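Take a look at the structure set out below.
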2 protein chains.
Amino acid sequence: MSGTEAIRVGPGFAAEFPGAAASAVEAAANLVRAANVLMDEIQRGRAPLAPLSPSAFEALAVLDGAGEPLPSHVIADRLLVSSASMTSLLDTLERRSLATRLPHPTDRRKILVDITDEGRRIVDEMLPIVHATATAAFRGLTQDERQLFIELLTKLRRQVSEMAAGEPTRPRARRKPRTA
Amino acid sequence: MSGTEAIRVGPGFAAEFPGAAASAVEAAANLVRAANVLMDEIQRGRAPLAPLSPSAFEALAVLDGAGEPLPSHVIADRLLVSSASMTSLLDTLERRSLATRLPHPTDRRKILVDITDEGRRIVDEMLPIVHATATAAFRGLTQDERQLFIELLTKLRRQVSEMAAGEPTRPRARRKPRTA
DNA sequence: TATTGTTATACTCTATAACTATA
DNA sequence: TATAGTTATAGAGTATAACAATA
């Protein structure tokens with residue numbers, strides 16, 4: 001029963017942060033919170049099958065979907081993780097016999113990552129759970145609402161991508177400006 | 001220029017996962033991805049001020065906003081972290097002199113967490129950056145779109161809360177059912 | 001008995017930089 | 001020179017279970 005209301009900023013927000021848009025801050029807060037609770041619920045659904053971290057599951061899902069071994073950096077790009085994190089992740093997957101490193105046939109700097117039968121078995125059991133959880137979570141939204149939702153998220157993501165290519169955003173004024 | 005298209009499932013999705021709704025899975029994927037890139041961009045904005053983890057920043061923001069010392073479990077509830085994680089987080093904040101533990105005046109099982117002047121100084125510098133980043137990120141959405149976006153997120157979150165109170169979601173059929 | 005918080009353990013993930021090998 | 005990946009280091013977060021103190 002708790003925590004099901006929209007997150008809203010306090011009444012003094014506009015006065016305290018003159019350059020900021022309350023609706024944008026609220027949208028951001030609700031976005032992050034919703035993503036977190038959804039991820040937690042998905043995690044709860046697949047945890048009983050195997051203790052796989054979100055990154056480990058996502059990597060296996062990418063490999064399973066690709067249907068062929070992939071270079072390490074391709075997976076890293078999809079997961080938005082650094083090459084060092086990818087190395088660590090591959091170590092974990094190999095230790096559990098869920099994936100293997102193969103030499104790249106033509107470029108000896110690269111490696112190919114292949115999913116094992118065990119890895120495929122586990123991810124094939126998890127994917128229906130993940131999809132069922134997502135399906136249940138969006139039960140309350142109509143088809144049109146879902147499409148609109150995706151469009152809004154994509155618009156947001158496009159904007160953030162542009163921002164990420166430049167300097168970090170700075171506030172217009174650090175302190176409340178004196179009335180002119 | 002990459003990664004700015006909506007995430008969509010493949011053409012074989014409906015056949016492979018009969019019980020799942022493609023639009024729901026797509027909505028979930030786009031939601032999580034958008035939340036991640038936004039968090040990363042916000043992190044990038046405030047990292048130069050102090051190397052504060054998202055949890056540490058959020059805890060300080062809660063304390064700053066409350067204007068008074070709070071019991072540890074109140075902060076843990078807000079951040080959706082366990083009591084053990086909260087202990088670890090408080091250790092970090094105390095080590096950096098950003099927060100302090102105080103004895104609770106009436107209930108000796110509890111502690112009160114107070115923000116230090118240094119903690120307040122840092123969070124007061126970070127908040128305008130966070131708000132400016134959120135404001136810029138949602139620049140492309142109208143007021144109406146933002147309100148609708150928040151409503152959809154809240155509807156989703158309410159549904160997930162209900163799900164989280166029960167058994168984990170299971171798929172209807174593990175394998176493709178034979179045609180009857 | 002239930003609640004609050006700590007401790008202990010072990011693992012995962014991250015960031016950064018230096019490094020090797022290869023292209 | 002640039003790219004792919006590893007290593008080393010350090011830190012932060014997580015989950016879990018056992019535990020002490022208090023209500």
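In what follows, chains are A, B, ... by sequence order, proteins preceding strands, each numbered from 1. Every value quoted in this text rests on a predicted model; they were computed, and no experiment measured them. Computed from heavy atoms alone, side chains included, the values below leave out hydrogens, waters and symmetry copies.
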Examine [N]: is either OP1 or OP2 under 4.0 Å from a nitrogen or oxygen in the side chain of [X]? Give yes or no.
X	N	result
B:Arg101	C:dT4	no
A:Arg108	D:dG5	no
A:Ser83	D:dA4	no

Side chains of A:Ser82 and A:Ser85, donor plus acceptor under 3.5 Å: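 Yes.
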Distance-only side-chain donor-acceptor flag, B:Ser23 / A:Gln143, under 3.5 Å: yes
Would you kindly give the [atom1]-to-[atom2] distance between [X] and [N], to the nearest whole Å?
X	N	atom1	atom2	value
A:Phe57	D:dT14	CZ	P	21 Å
B:Leu89	D:dA15	CG	C1'	16 Å
A:Asp91	D:dT6	CG	C1'	9 Å
A:Glu94	C:dT12	CD	P	14 Å
A:Leu112	D:dG5	CG	C1'	13 Å
A:His104	C:dA23	NE2	C1'	12 Å
A:Ile111	D:dT6	CD1	C1'	10 Å
B:Glu58	D:dA12	CD	C1'	15 Å

[X] side chain, from C-beta outward: closest of [options]:
X	options	answer
B:Arg96	D:dT6, D:dA12, C:dT12	D:dA12
A:Arg109	D:dA4, C:dT6, D:dA23	D:dA4
A:Ala84	C:dT14, D:dG11, C:dT16	C:dT16
A:Thr87	C:dA23, D:dG11, D:dT7	D:dT7

Side chain to side chain, B:Leu112 and B:Pro105, heavy atoms closer than 4.5 Å: yes
side-chain contact (heavy atoms from CB on, under 4.5 Å), paired with A:Val113, selected from A:Leu63, A:Val62, A:Thr100, A:Leu70: A:Leu63
same_hphob_cluster(A:Leu90, A:Leu79) at 4.5 Å side-chain heavy-atom cutoff: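 Looking at the clustering, A:Leu79 is in the same group as A:Leu90.
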Lys/Arg cation over aromatic A:Phe57: A:Arg46, 6.0 Å, 45° cone: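 Because its charged atom sits under 6.0 Å from the ring centre and within 45° of the axis, A:Arg46 does stack over A:Phe57.
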Contact residues, residues 61-82 of chain B to DNA chain D [heavy atom, < 4.0 Å]: B:Val81
5' precedence on DNA chain C between A:Asp107 and A:Arg95 (nearest-nucleotide basis): A:Arg95
Plane angle bin for B:His131 and A:Phe17 - parallel if under 30°, tilted between 30 and 60°, otherwise perpendicular: perpendicular
